[in-house]
Amino acid sequence: MNAPVRVRFAPSPTGFLHIGGVRTALFNYLFARKHDGKFLLRIEDTDTDRSEQRFTDDILSSLQWLGMGADEPILYQSQRLPVYQALADDLISKGLAYRCTCTEAEVEAAREQMIKDGKKPMYARTCRDKNHPAGKGPFAIRAKFPLQGQTGFTDMIRGEISFPNEDLDDFVMIRSNGVPTYNFVVVVDDVEMKISHVIRGDDHINNTPKQIFLYEALGAPKPLFAHLPMILGQDKKKLSKRNGETSTNAYRDQGYLPEALLNFLVRLGWSHGDQELFSFEEMIALFNLENVQVSGAMFNTEKLLWIAGEHMKKADPARLIGILKTDFKGAFSGVSLEALESGYARSLIPHLQPKVKLVSELAAQLDPLLDPGLRVVDSSALKWNKDETQKARIKEAIGALKSAFDSKIAQAGSASLSECGVDHSAVDGALRSLCETHGLKLGDLTQPMRLFVTGHPAASIGLFDLLPLMPWKTASIRLEACLKA
RNA sequence: GUCCCCAUCGUCUAGAGGCCUAGGACAUUGCCUUUUCACGGCAGUAACCGGGGUUCGACUCCCCGUGGGGACGCCA
């Protein structure tokens with residue numbers, strides 16, 4: 001009964017894919033999946049001056065990273081120029097468009113006059129009834145709007161919206177250089193691609209009546225429209241290429257998991273009761289246009305970070321290792337890529353996941369832990385520096401612990417403490433009893449040990465968890481350095 | 001300026017006339033926990049833009065005002 005759902009994301013390759021674009025793509029993608037429809041991609045590269053291949057590449061790779069690939073081959077508008085031209089000529093012959101020979105200066109002058117007169121600036125319709133013949137150029141082709149009546153539509157999110165026709169500009173469909181413009185091609189291609197629902201930013205509301213006119217002129221069925229609220233920057237202004245560009249790949253480089261970015265974005269303008277956290281699958285199952293918000297939403301990095309942490313906890317360790325190896329290999333110094341694959345690395349990650357939000361942080365934590373050698377640390381801030389006798393006592397205790405573990409390792413011929421049965425609580429117990437015999441507080445002992453063994457001033461893993469897992473060879477080297485400090 | 005859209009805590013939002021002394025989340029504040037970091041737990045501060053209607057009853061419906069945003073390109 002209903003036409004199959006076919007939606008599209010149609011960016012122009014004039015900049016890197018930004019966050020607002022991702023949100024639009026996401027809502028389209030979710031809508032398509034939810035309704036067993038198709039999610040299509042179209043590259044709107046009719047602005048020959050500003051379109052660049054590298055931006056197309058960026059958009060495509062970013063979407064791939066986010067897991068939102070197109071279901072059919074991508075359509076490039078620059079490859080369809082003859083189609084647009086033929087259609088425009090046809091519209092002229094039907095009296096629905098006309099050739100315009102006005103120069104930019106003339107158009108501009110008329111516009112300024114209108115602003116002075118307190119009217120909406122638009123083309124003065126000078127050539128509207130002049131019937132310029134096809135042969136003489138150069139000329140642009142403009143749409144010939146009706147002068148009376150109203151053009152409206154029912155927005156799926158906002159309801160009825162309508163505009164007086166007299167306010168509709170006879171916009172340029174084809175430039176004098178033969179290249180068509182956005183408002184024309186968007187309709188031609190949405191018809192061509194059999195798009196059932198146009199889901200886009202609400203900055204396009206004003207374009208919609210122009211496009212509706214074109215659907216009618218072309219004799220094509222109209223899609224349903226849904227206009228999404230804008231994502232606002234910190235200044236409460238539209239977040240766009242021209243205002244605080246936030247490119248998607250910047251988030252990948254910072255270490256955000258794609259599902260975290262998507263989760264944050266889906267909650268910008270959409271809600272499902274009180275639920276904050278969604279897996280990609282849940283978004284698909286739960287998404288609907290009914291619960292899309294109408295007013296703009298400010299981009300809030302703090303919440304994004306929190307969401308990132310929540311998704312980090314749930315991420316599959318093997319997958320994290322893969323991301324580390326491909327996107328963050330530069331974060332490791334003195335650590336081989338093989339070390340990332342080791343059982344040791346694998347055993348560390350679940351301990352780090354609850355305490356870290358970004359993959360980059362995970363890398364920073366892992367780097368000193370995986371390094372087989374000594375990591376030089378700055379111990380000047382250690383409390384023990386204030387009291388030499390106390391310091392000696394602490395070292396004595398640490399030395400005792402080390403030799404106890406040394407012999408345990410030697411006896412069993414093991415590579416790590418966990419291999420010879422020493423676990424979290426064993427380390428805990430050993431340290432506590434040491435404290436008692438040496439008259440120390442637990443923190444006195446653990447503070448320097450933590451610093452030297454982790455090799456990181458703000459290590460996120462607990463010492464009791466780390467000690468059993470770390471290759472004893474590495475731990476010894478570091479404990480030795482601690483004793484000499 | 002003209003046209004269009006919008007309006008609940010600082011931010012993202014719940015709320016489809018009585019369930020609201022307005023709920024959740026982030027942030028923030030305090031406390032607790034703790035291997036002084038991080039994580040976690042508990043508690044707190046904090047909002048219906050204003051004015052008129054409609055109604056027995058408005059955060060919810062209507063109108064006006066105000067405020068904010070968007071569009072006014074031979075950009076998309």
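Note that the coordinates shown come from a computational prediction; the quantities given were computed from them, not determined experimentally. Letters go in sequence order (proteins before strands), and every chain restarts at 1. These values consider heavy atoms only, across backbone and side chains, with no hydrogens, waters or symmetry-generated copies.
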Of the nucleotides [options], which has the atom closest to the [X] side chain?
| X | options | result |
| --- | --- | --- |
| A:Asn300 | B:C74, B:A14, B:U11 | B:U11 |
| A:Phe464 | B:C26, B:C37, B:U35 | B:U35 |
| A:Glu104 | B:C74, B:U13, B:U2 | B:C74 |
| A:Ile205 | B:C5, B:G24, B:G70 | B:C5 |
| A:Asp167 | B:C3, B:A76, B:A14 | B:C3 |
| A:Thr46 | B:U35, B:A76, B:C72 | B:A76 |
| A:Ala140 | B:C74, B:C4, B:U35 | B:C74 |
| A:Asp47 | B:C4, B:A76, B:C26 | B:A76 |
| A:Leu442 | B:A14, B:U35, B:C6 | B:U35 |
| A:Asp274 | B:C5, B:C74, B:G23 | B:G23 |

Could you state the atom-to-atom distance from [atom1] of [X] to [atom2] of [N] in whole Å?
| X | N | atom1 | atom2 | answer |
| --- | --- | --- | --- | --- |
| A:Phe299 | B:G69 | CZ | C1' | 19 Å |
| A:Asn291 | B:A14 | CG | P | 7 Å |
| A:Leu268 | B:C26 | CG | C1' | 12 Å |
| A:Trp306 | B:A38 | CH2 | P | 19 Å |
| A:Arg450 | B:C39 | CZ | P | 13 Å |
| A:Asp465 | B:A38 | CG | C1' | 13 Å |
| A:Glu52 | B:A76 | CD | P | 15 Å |

Say we look at [N] and [M]: how far apart would their [atom1] atoms be, to the nearest angstrom?
| N | M | atom1 | value |
| --- | --- | --- | --- |
| B:A25 | B:U34 | C1' | 26 Å |
| B:C48 | B:A7 | P | 16 Å |
| B:G69 | B:C61 | C1' | 25 Å |
| B:U55 | B:C42 | P | 47 Å |
| B:G18 | B:U60 | C1' | 11 Å |
| B:A22 | B:G17 | C1' | 15 Å |

Nucleotide forming a Watson-Crick or wobble pair with [N], both distances under 3.5 Å:
| N | value |
| --- | --- |
| B:A7 | B:U66 |
| B:U45 | none |
| B:C61 | B:G53 |

Counting just side-chain N and O atoms, does [X] come under 4.0 Å of either OP1 or OP2 of [N]?
| X | N | result |
| --- | --- | --- |
| A:Gln293 | B:A7 | no |
| A:Ser271 | B:A14 | yes |
| A:Lys313 | B:G40 | yes |
| A:Ser295 | B:G68 | no |
| A:Lys357 | B:C39 | yes |
| A:Arg142 | B:C74 | yes |
| A:Arg111 | B:C74 | yes |
| A:Arg432 | B:U35 | yes |

Let's test your reading of the model: under 3.5 Å, does the base of [N] pair with the side chain of [X] as donor and acceptor?
| X | N | result |
| --- | --- | --- |
| A:Lys303 | B:C12 | yes |
| A:His272 | B:U13 | no |
| A:Thr181 | B:C74 | no |
| A:Asn206 | B:G70 | yes |
| A:Glu276 | B:G24 | yes |

Indicate, with a heavy-atom threshold strictly under 4.0 Å, whether [X] touches base, sugar-phosphate, or nothing.
| X | result |
| --- | --- |
| A:Ala10 | nothing |
| A:Asn177 | nothing |
| A:Cys100 | nothing |
| A:Pro354 | sugar-phosphate |

Under a plain distance cut-off of 3.5 Å, with no hydrogens placed, do [Y] and [X] share a side-chain donor-acceptor pair?
| X | Y | result |
| --- | --- | --- |
| A:Gln77 | A:Arg80 | no |
| A:Ser380 | A:Asp378 | yes |
| A:Gln148 | A:Asn165 | no |

Practice task
Establish, yes or no, whether the cationic atom of A:Arg23 lies under 6.0 Å from the six-membered ring centre of A:Phe27 and within 45° of the ring axis.
Solution key: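 Flagged: A:Arg23 positioned over aromatic ring of A:Phe27.
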Practice task
Apply the test ring-ring contact (aromatic ring centres under 6.0 Å, His included) to residues A:His204 and A:Tyr182: give CA-CA distance (whole Å), side-chain angles for both, the deciding distance (0.1 Å), then the verdict.
Solution key: CA-CA 11 Å; A:His204 284 293; A:Tyr182 166 75; 5.3 Å; yes
Practice task
May I ask you to check whether A:Phe171 and A:Phe184 place their ring centres under 6.0 Å from each other?
Solution key: no
Practice task
By nearest nucleotide on RNA chain B, pick out whichever of A:Pro180 and A:Asp203 is the more 5' one.
Solution key: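 This one resolves to A:Asp203.
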Problem - Residue mapping more 5' on RNA chain B - nearest nucleotide basis, A:Val356 or A:Ala297 - result: A:Ala297
Problem - Under 3.5 Å donor-acceptor, A:Ser78 side chain and A:Asp45 backbone - result: no
Practice task
For ring-ring contact (aromatic ring centres under 6.0 Å, His included), just list the numbers for A:Tyr29 and A:Phe280, CA-CA rounded to whole Å, side-chain angles, deciding distance to a tenth of an Å, and then say yes or no.
Solution key: CA-CA 11 Å; A:Tyr29 185 88; A:Phe280 203 27; 5.7 Å; yes
Practice task
Give the ring-plane orientation class for A:Phe145 versus A:Phe213, where under 30° counts as parallel, over 60° as perpendicular and anything between as tilted.
Solution key: tilted
